[in-house]
**Student:** 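I am attaching a structure below and will ask some questions about it afterwards.
Residues: numbered from 1 along the sequence shown.
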Amino acid sequence: MPMVPVRSAAELMPMLPELVLVGGAFALLMLDLFLSERQRIITHACSIGLLVAVTAMLAFGVGGQGEVLSGMFVRDGVADVLKITIAAVAALSMVYLWPFLRARGLYKGEIPVLMLFATLGMMLLVSAGSMVMIYVGLEMLALCQYALVALDRDNPTASEAGIKYFVLGALASGLLLYGMSLVYGATGTLQLQAIADSIAGSPAPTMLVTGVVFMVVAIGFKFGAAPFHMWLPDVYHGAPTPITLFIGSAPKLATFGMAYRLLEVAAGPLEDHWRLMLAGLAVLSLVIGNLGAMVQTNLKRMLAYSTISHVGFLFMGFAGGGDQGFAAALFYSISYALMATAAFGAIVVLASRGFEADAISDYRGLNARDPWMAGMVLCIMVSLAGVPPFLGFWAKLAVLQAALQGDMLWLAIIGIVFAVVGAFYYLGVVKAMYFDEPEGEMPVSSSGRPTRLVFGINALSLLALGFAWSPIMAWCQRAFGI
């Protein structure tokens, strides 16, 4: 489709939150040049304020919905729900970031700016109306993530994680590009809606189906689904914990948006093909993720493998198909983002310089040392395990119902079995906190009271939202017109 030039600024109004974000990011990049190390908290605070402002703009519908740049950028209900959650989770991630990196001398002015540009990439990704915009948003996100993972250059584990992430991320991008090129060759268009129109009502050529297969593989890579999960445990373990918190939460929402645009909007007429592929990936993720998590002694690696299992549950919603399936998967994505920020936030809050608090043995006897902290970690673990009435239970229930509605009883049964298996390693952390004897003295945390307060709200929200999950689910359903 030929590009139509923008004739007035009013035509760009649906992009206003993105324009504000990119303008603010460049302004903060320039501001940082004139700040000393001690003054850089100003840049950090401004970054959080900018994300909060963008969240408010999206929540109140500033700019309105519509298409921009000849349909390359689409702002609709799904995009707004994802963007609100992405910006809010990114702001929450920055709150955890400052005390941890400052205590280790790792905080640099470009870190919040990189996170802002990563957030911008995520927002472009979920609003993509063209395969070109999908790739632009994805690469903007990925390049920022590679730099953030390897920011501790003197740490060989972090450097190794950055290299692995870069190499395997480039492989996933190459697979996505190849799949897109095959789809373009079969349909003659890059616009997602035009691809669906071209597919509808005619037999799907082999080239088109092959392209969709490659796109599903790329989506699996970006989510960290098995068997494309090999990068995820090493990256989660090697990156500084607040960076792990960031890349393990908000980008999952962005990848959901990419999957929705590519599979439902563009390849919707081929639903029978990709639903079965995603169901197979769901089973592999549930098996490998849960079995891998059971043998871990490092909490960050355990949470990484548990992420793979949660991706399996999320794919159950995709496999259910239809708007109801995607609404359930969106609800699961939002719920998991909140649970992931709280889980890694616990490690951030307990850590201090020279003590990373990332081994499960570090949590032995935590209740005797800090009952409040132990109670918060308990809320997180049981929510991740899917224990009622916590938010994680309702998220799992929603995707199981979607699988049943999609005539995939066998997939729902496998999901229930591995939900029980997953409870084993989550409750293992609870057992260490409440029933094991403490080993030595736990170092004093480098996190201040504001960070602990935010963490407490984050953890308790998993219980509070467990009683008020219905409005969130209704919000997700409205986004899909249900």
Side-chain angles (χ1 to χ4, degrees), residues 122 125 134-135 137-139 141-143 145-146 149 160-183 209-239 244 247-263 267 273-293 296 300-319 329 332-333 336 340 399 411 414-415 418 422:
M122 289 185 263
L125 187 57
I134 284 179
Y135 194 71
L138 183 64
E139 288 308 295
L141 167 63
L143 291 173
Q145 287 181 305
Y146 301 151
V149 168
E160 179 186 355
I163 290 295
K164 286 182 178 178
Y165 198 16
F166 174 75
V167 172
L168 294 173
L171 175 61
S173 296
L175 291 170
L176 179 63
L177 275 179
Y178 187 60
M180 287 178 173
S181 68
L182 292 176
V183 172
V209 176
T210 305
V212 172
V213 170
F214 273 98
M215 290 194 299
V216 169
V217 170
I219 290 169
F221 258 111
K222 293 301 180 181
F223 264 118
F228 314 114
H229 65 284
M230 60 286 293
W231 61 272
L232 200 142
D234 289 333
V235 170
Y236 276 32
H237 183 205
T244 303
I247 66 176
S249 53
K252 293 292 184 286
L253 293 159
T255 309
F256 170 90
M258 180 178 76
Y260 170 70
R261 299 295 178 189
L262 286 175
L263 298 180
H273 293 81
W274 55 256
R275 278 182 62 199
L276 288 174
M277 287 188 279
L278 290 176
L281 292 179
V283 172
L284 286 173
S285 298
L286 288 169
V287 174
I288 294 175
N290 283 297
L291 296 182
Q296 301 302 316
K300 287 170 72 174
R301 294 188 74 88
M302 189 202 84
L303 291 172
Y305 277 99
S306 80
T307 297
I308 299 167
S309 72
H310 284 286
V311 169
F313 281 106
L314 194 152
F315 277 11
M316 289 174 63
F318 287 159
Y332 199 98
S333 299
Y336 178 72
V399 293
L411 182 58
I414 293 173
F418 280 96

**Student:** Excluding sequence neighbours, so at least two apart, what forms ring-ring contact (aromatic ring centres under 6.0 Å, His included) with Tyr236?
**Tutor:** Phe344
**Student:** If you look at every heavy atom in His229 and Gly224, which pair is closest and at what distance?
**Tutor:**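 Closest approach of His229 to Gly224: CB-O, 3.5 Å.
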**Student:** Can Met215 and Leu182 be said to form a side-chain contact (heavy atoms from CB on, under 4.5 Å), step by step?
**Tutor:** CA-CA 10 Å; Met215 290 194 299; Leu182 292 176; over 6 Å; no
**Student:** Taking C-beta and beyond as the side chain, do Leu263 and Ile219 meet within less than 4.5 Å on heavy atoms?
**Tutor:** yes
**Student:** Report all side-chain donor-acceptor pairs from residues 161-172 shorter than 3.5 Å, counting only partners two or more places apart or in another chain.
**Tutor:**
residue, atom, partner, partner atom, Å
Lys164, NZ, Glu160, OE2, 2.9
Lys164, NZ, Asp234, OD2, 2.7
Tyr165, OH, Gln145, OE1, 3.0

**Student:** So, for Val149 and Ile247, which heavy atoms are closest and what is the spacing to 0.1 Å?
**Tutor:**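 Here Val149 and Ile247 meet closest at CG2-CD1, 4.0 Å.
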**Student:** Measuring from Ile308:CD1 to Leu303:CG, what's the distance to the nearest 0.5 Å?
**Tutor:**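 The CG atom of Leu303 is 11.5 Å from CD1 of Ile308, to the nearest 0.5 Å.
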**Student:** Nearest heavy-atom pair of Val235 and Thr244: which atoms, and what distance?
**Tutor:**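 Smallest heavy-atom distance, with atoms named: O-OG1, 4.3 Å.
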**Student:** Going by salt bridge (Lys or Arg N to Asp or Glu O under 4.0 Å), name the residues that satisfy it together with Glu139, two or more places apart in sequence or in a different chain.
**Tutor:**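 Counting only residues at least two positions away or on another chain, Glu139 forms no salt bridge (Lys or Arg N to Asp or Glu O under 4.0 Å).
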**Student:** Can you pull the salt bridge (charged side-chain N to carboxylate O under 4.0 Å, His left out) pairs that have at least one residue in residues 168-182, sequence neighbours excluded?
**Tutor:**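 Counting only pairs at least two positions apart or across chains, no salt bridge (charged side-chain N to carboxylate O under 4.0 Å, His left out) contact touches residues 168-182.
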**Student:** Would you give the length of the straight line joining atom CG of Leu125 to atom OH of Tyr260, rounded to the nearest 0.5 angstrom?
**Tutor:** 14.0 Å
**Student:** I'd like to know if the side chain of Arg275 reaches the main chain of Ala319, judged simply by a donor and an acceptor atom lying under 3.5 Å from each other, with no hydrogens or angles considered.
**Tutor:**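 Answer holds: yes.
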**Student:** Is there a donor-acceptor contact under 3.5 Å from the side chain of Trp231 to the main chain of Phe221?
**Tutor:** yes
**Student:** So, using ring-ring contact (aromatic ring centres under 6.0 Å, His included) as the criterion, who are the partners of Phe223 when residues are at least two apart?
**Tutor:**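 Applying ring-ring contact (aromatic ring centres under 6.0 Å, His included) to Phe223 gives Phe315.
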**Student:** Where do Met180 and Leu262 come nearest, in terms of heavy atoms and distance?
**Tutor:**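 Taking every non-hydrogen atom into account, CE-CD2, 4.3 Å.
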**Student:** What residues form a side chain to side chain contact (heavy atoms under 4.5 Å, CB included) with Ile414, not counting sequence neighbours?
**Tutor:**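 Expected list: Val283, Leu286, Trp410, Phe418.
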**Student:** Rounded to the nearest 0.5 Å, how far apart are OG of Ser309 and CD1 of Ile288?
**Tutor:** 11.5 Å
**Student:** Testing the basics here: between Ser249 and Ala340, what is the closest heavy-atom pair and its distance to 0.1 Å?
**Tutor:**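 Between these two residues, the closest heavy atoms are CB-CB, 4.4 Å.
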**Student:** Check whether any side-chain N or O of Ser333 sits under 3.5 Å from a backbone N or O of Leu253 as a donor-acceptor pair, and report yes or no.
**Tutor:** no
**Student:** Does Val217 reach the side chain of Phe214, with side-chain heavy atoms less than 4.5 Å apart?
**Tutor:**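 No. Closest side-chain heavy atoms not under 4.5 Å.
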**Student:** Can you find a pair of side-chain heavy atoms, one from Leu314 and one from Tyr336, that are under 4.5 Å apart?
**Tutor:** no
**Student:** Are Pro233 and Arg301 side-chain neighbours, meaning at least one heavy-atom pair lies under 4.5 Å?
**Tutor:** yes
**Student:** To the nearest 0.5 Å, tell me how far Tyr305 OH sits from Asn290 CG.
**Tutor:** 12.5 Å
**Student:** Does the side chain of Lys222 come within less than 4.5 Å of Ser173's, by heavy atoms?
**Tutor:** yes
**Student:** Here's a test for you: under ring pair (Phe, Tyr, Trp, His ring centres under 6.0 Å), which of Phe256, Phe313, Tyr332, Trp274 qualifies with Phe318?
**Tutor:**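 It is Phe256; the other options fail the test.
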**Student:** Side-chain contact, heavy-atom cut-off 4.5 Å: Met277 with Leu281?
**Tutor:**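 Side chain of Met277 against side chain of Leu281, heavy atoms only: no contact under 4.5 Å found.
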**Student:** What are the two closest non-hydrogen atoms of Leu176 and Ala218, and how far apart are they?
**Tutor:**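 Here Leu176 and Ala218 meet closest at CB-CB, 3.6 Å.
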